[in-house]
Amino acid sequence: APSTRFMLELLRRLNPTESLLRATIIQHNEYIFALLCLLNTNMGAVSPPHNDLVATSSKQAHTLLHTLAAVHRKLSPCAQSRVLHCVYNSGALPISRDTPAFAAIVSVLVGGSADGQF
């Protein structure tokens, strides 16, 4: 079986989030949107880069955060609240809450920016 690190890197490169966020079902189902937020948090897909060699990754993360924010703004205030609650209280999934990715996602969900990235 392939290593977990290899599979995460492959998923990060082929991240389907952008395509899924363009689907109208995401705008009508906040739980799927919350799961996408959690997936990208765990993958570190929206983390700022650790060095200048990963400028492409930084641009992808920035674009993904903008797309997540745009979809989040289209949700009703009640749905936005449920998404935030789901992300904060996701006990069933291992969430990397101590990462910059979690901070970026939560910042988007509370209507702010991710450390000035917007």
Roughly how far, to the nearest 0.5 Å, is the [atom2] atom of [Y] from the [atom1] atom of [X]?
X     : Y     : atom1 : atom2 : result
His72 : Leu84 : NE2   : CG    : 7.0 Å
Leu36 : Ile32 : CG    : CD1   : 8.0 Å
Leu21 : His66 : CG    : NE2   : 14.0 Å
Asn40 : Leu35 : CG    : CG    : 11.0 Å

With sequence neighbours excluded, what pairs up with [X] under the side chain to side chain donor-acceptor pair (under 3.5 Å) test?
X     : answer
Glu30 : Arg82
His28 : none
Thr67 : Glu18

Residues forming a side-chain contact (heavy atoms from CB on, under 4.5 Å) with Ser81, sequence neighbours excluded
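For Ser81 there are no side-chain contact (heavy atoms from CB on, under 4.5 Å) partners, ignoring immediate neighbours.
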
Give me the atom names and distance for the closest heavy-atom approach of Val108 to Leu65.
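Closest heavy-atom pair between Val108 and Leu65: CG2-CD2, 3.9 Å.
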
Apply side chain to side chain contact (heavy atoms under 4.5 Å, CB included) to the pair Thr41 and Val106, showing each step before the final yes or no.
CA-CA 10 Å; Thr41 298; Val106 168; over 6 Å; no

Given the rule that I, L, V, M, F, W and Y join up when any side-chain heavy atoms are under 4.5 Å apart, are Tyr88 and Leu109 in one cluster?
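The answer is yes; both residues are in one hydrophobic cluster.
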
Provide the full list of salt bridge (charged side-chain N to carboxylate O under 4.0 Å, His left out) pairs with a residue in residues 60-71, sequence neighbours left out, each pair given once.
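The answer is none; no pair qualifies.
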
